[in-house]
Colleague: 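Structure below; questions to follow.
Numbering starts at 1 and runs along the sequence shown. Note: hydrogens, waters and symmetry copies are ignored here, and every other heavy atom, side chains too, is used.
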Amino acid sequence: MFSRFRCEWKEAAHYADQLRKQSAWSPAIYTYLYAVLLCMIAEETGDISYTEKAMFYFNEVPKLRIRFAGKTVPMEKFAIIQSEKFILGNKPIMLPIFDYVYIFNMFIIIAKNKKLIAKITECIEKKIKEYEHEKGTLDKDR
């Protein structure tokens, strides 16, 4: 569980895949988590095969919806909407793992551990710098 907080995406993806395969609670949510972690691995390694794998699993998420009394669980709805955005936009969502952490209110767990906060902050700051660099490059091209 803490591997995703430590930004150890491959280890976290391994456990998310196990949850996806073994848990009947919400296949959509666990499949979404697995896809998100594959995106994070792709982003970190630059390996496009992880993005292709993530795309496959994002496509699976809407098919895995479970309804209770005709209603979809709000967290599943979130996973389905985000998956559809990814599929339709064909572009990764910026740091999607932190959406997941936010939805499940996991920042409370992280808040007491300065090492985890530092690692997450480092990850976010790196992404902001990349975004600013890309934006600056695009602005120069105009």
Colleague: Can you see which heavy atom on P27 is nearest to which on I66, and at what distance?
Modeller: CD-CD1, 3.4 Å
Colleague: Between A16 and L37, what is the shortest heavy-atom contact and its length?
Modeller: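 Taking A16 first and L37 second, the nearest heavy atoms are CB-CD1, 3.7 Å.
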Colleague: Among all residues two or more places apart in sequence or in another chain, which pass the side chain to side chain donor-acceptor pair (under 3.5 Å) test with E122?
Modeller: none
Colleague: For A42 and T51, which heavy atoms make the closest approach, and how far apart are they?
Modeller: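 Looking at all heavy atoms of both residues, the shortest contact is CB-OG1, 3.2 Å.
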Colleague: Show the nearest heavy-atom pair for residues I97 and L33, with the distance to one decimal.
Modeller: CD1-CD1, 3.8 Å
Colleague: I'd like to know if the side chain of N59 and the backbone of M55 have a donor-acceptor N/O pair within less than 3.5 Å.
Modeller: yes
Colleague: Find out if a path of hydrophobic residues (ILVMFWY) with successive side-chain heavy-atom gaps under 4.5 Å connects I48 to V36.
Modeller: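 No, I48 and V36 fall in different hydrophobic clusters.
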Colleague: Out of curiosity, E125 CD to I128 CD1, how far, rounded to the nearest 0.5 Å?
Modeller: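 Between atom CD of E125 and atom CD1 of I128 there are 6.5 Å.
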Colleague: Compare all side-chain heavy atoms of F78 with those of D99 and state whether any distance is below 4.5 angstrom.
Modeller: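 Sidechains of D99 and F78: in contact.
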Colleague: Pair M40, E44 - check side-chain contact (heavy atoms from CB on, under 4.5 Å), show working.
Modeller: CA-CA 6 Å; M40 298 303 290; E44 187 175 78; over 6 Å; no
Colleague: Please report the C-alpha distance between T31 and F58 in whole Å, then the side-chain angles of each, then the deciding distance to 0.1 Å, and finally whether the side-chain contact (heavy atoms from CB on, under 4.5 Å) criterion is met.
Modeller: CA-CA 8 Å; T31 301; F58 278 126; over 6 Å; no
Colleague: Could you walk me through whether Y57 and C39 pass side-chain contact (heavy atoms from CB on, under 4.5 Å), step by step?
Modeller: CA-CA 11 Å; Y57 287 108; C39 283; over 6 Å; no
Colleague: If I compare all heavy atoms of Y50 with all of K10, which pair ends up nearest, and what's the gap?
Modeller: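 Reported closest heavy-atom pair: OH-CE, 3.7 Å.
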Colleague: Rounded to the nearest 0.5 Å, what separates atom CZ in F107 from atom CG in L116?
Modeller: 11.5 Å
Colleague: Determine, stepwise, if the pair K77 / V73 fulfils side-chain contact (heavy atoms from CB on, under 4.5 Å).
Modeller: CA-CA 6 Å; K77 244 185 221 178; V73 177; over 6 Å; no
Colleague: Minimum heavy-atom separation for Y32 to V61, with atom names?
Modeller: N-CG2, 3.7 Å
Colleague: Using a distance-only test with no angle check, is there a side-chain donor-acceptor pair under 3.5 angstrom linking E76 and S26?
Modeller: yes
Colleague: Is any side-chain heavy atom of Y34 closer than 4.5 Å to a side-chain heavy atom of K53?
Modeller: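 Yes. Closest side-chain heavy atoms under 4.5 Å.
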Colleague: Are I81 and F86 connected, step by step, through hydrophobic side chains (Ile, Leu, Val, Met, Phe, Trp, Tyr) whose heavy atoms are closer than 4.5 Å?
Modeller: no
Colleague: Is the number of heavy atoms from other residues, nucleotides or ligands under 6.0 Å of K127 NZ greater than 12?
Modeller: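 Above 12, so yes.
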